[in-house]
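Model, not experiment: these values are computed from the prediction.
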Amino acid sequence: MAEKHSVKVLIDGKAITLGGYESEEYLQRVAFYLNSKISELQASAGYGHLTQDMKSTLLALNIADDYFKAKEQADSMERDIENKDQNAYDVKHDLIAAQMEVERLKKENEKLRGRRGNES
């Protein structure tokens, strides 16, 4: 099993210890992301007048919005990859069919040339 890490971070000016099986660098990135989202919200008009519950709700909504947008983008990229894989398969199939047809036509051509040679 992976090693558990803990790291002290500052989130919204408060020292917090984060723990998990992810790397310390990852945990720092999570804290940085949260601080960035909090800073975005603090820059909006009227945010300072909201209750702490409302601030927390807005933060959660913003994070959920980021999550769903990222998930949709990942799903879209996955669909694009699947489509490209299918197109590549179709092209390979068409290439093999064309090669088989070329071979068939070569044999037919040789056969016809052989008949002409016998007729001379």
**OP:** Can you sort out the partners of I81 under side-chain contact (heavy atoms from CB on, under 4.5 Å), two or more places apart, ordered by chain and number?
**Re:** D85
Subject >> Ion pair E108/K111, N-O distance below 4.0 Å >> reply: no
**OP:** Kindly check if the number of other-residue, nucleotide or ligand heavy atoms within 6.0 Å of OH (Y33) is above 12?
**Re:** yes
**OP:** Measure the NE2-CG distance between H5 and L27 for me, rounded to the nearest 0.5 Å.
**Re:** 8.5 Å
**OP:** Please answer whether the main-chain N or O of Y26 pairs with a side-chain N or O of S23 as donor and acceptor at a distance below 3.5 Å.
**Re:** yes
Original post:
Does I96 have any side-chain contact (heavy atoms from CB on, under 4.5 Å) partners at least two apart in sequence or in another chain, and if so, which?
Top reply: Q99, M100
**OP:** Using the test salt bridge (Lys or Arg N to Asp or Glu O under 4.0 Å), find all partners of E72 that sit at least two apart in sequence or belong to another chain.
**Re:** R79
Original post:
Any chain of hydrophobic side-chain contacts (each under 4.5 Å) joining F32 to I16?
Top reply: no
Subject >> Test: D80 and K84 ion pair at under 4.0 Å >> reply: no
Original post:
Among all residues two or more places apart in sequence or in another chain, which pass the salt bridge (Lys or Arg N to Asp or Glu O under 4.0 Å) test with K69?
Top reply: D65
Subject >> Side chain to side chain, K37 and D66, heavy atoms closer than 4.5 Å >> reply: yes
Subject >> Beyond-backbone contact of I63 with L34, side-chain heavy atoms, under 4.5 angstrom >> reply: yes
**OP:** Using a strict cut-off of less than 4.0 Å between a Lys/Arg side-chain nitrogen and an Asp/Glu carboxylate oxygen, indicate whether R104 and E101 qualify as a salt bridge.
**Re:** yes
Original post:
Taking all non-hydrogen atoms of both residues, which atom of A15 and which atom of L10 are closest, and how far apart?
Top reply: N-CD2, 3.6 Å
Subject >> Validation row: N35, I11 side chains within 4.5 angstrom (heavy atoms) >> reply: yes
**OP:** Answer whether the closest heavy-atom distance between the side chains of V7 and Q28 falls below 4.5 Å.
**Re:** yes
**OP:** Let me see the working for R113 and E110 under salt bridge (charged side-chain N to carboxylate O under 4.0 Å, His left out), right down to the final yes or no.
**Re:** CA-CA 5 Å; R113 284 181 184 214; E110 288 173 13; over 6 Å; no
Subject >> side-chain contact (heavy atoms from CB on, under 4.5 Å) partners of Y21, counting only residues at least two apart >> reply: M1, A2, K4
**OP:** Mind checking the CG-CG spacing from N62 to L41? Nearest 0.5 Å is all I need.
**Re:** 4.5 Å
Original post:
Knowing that exactly one of Q86, K92, H93 qualifies, which makes a side-chain hydrogen bond (donor to acceptor under 3.5 Å, both in side chains) with D90?
Top reply: Q86
Original post:
Can you tell me how far the CG atom of L61 sits from the OG atom of S56, to the nearest 0.5 Å?
Top reply: 11.0 Å
Original post:
What distance do L59 atom CG and M54 atom CE have between them, rounded to the nearest 0.5 Å?
Top reply: 12.5 Å
Subject >> Remaining members of hydrophobic cluster (4.5 Å side-chain criterion), V102 >> reply: none
Original post:
Roughly how far, to the nearest 0.5 Å, is the CG atom of D75 from the CZ atom of F68?
Top reply: 11.0 Å
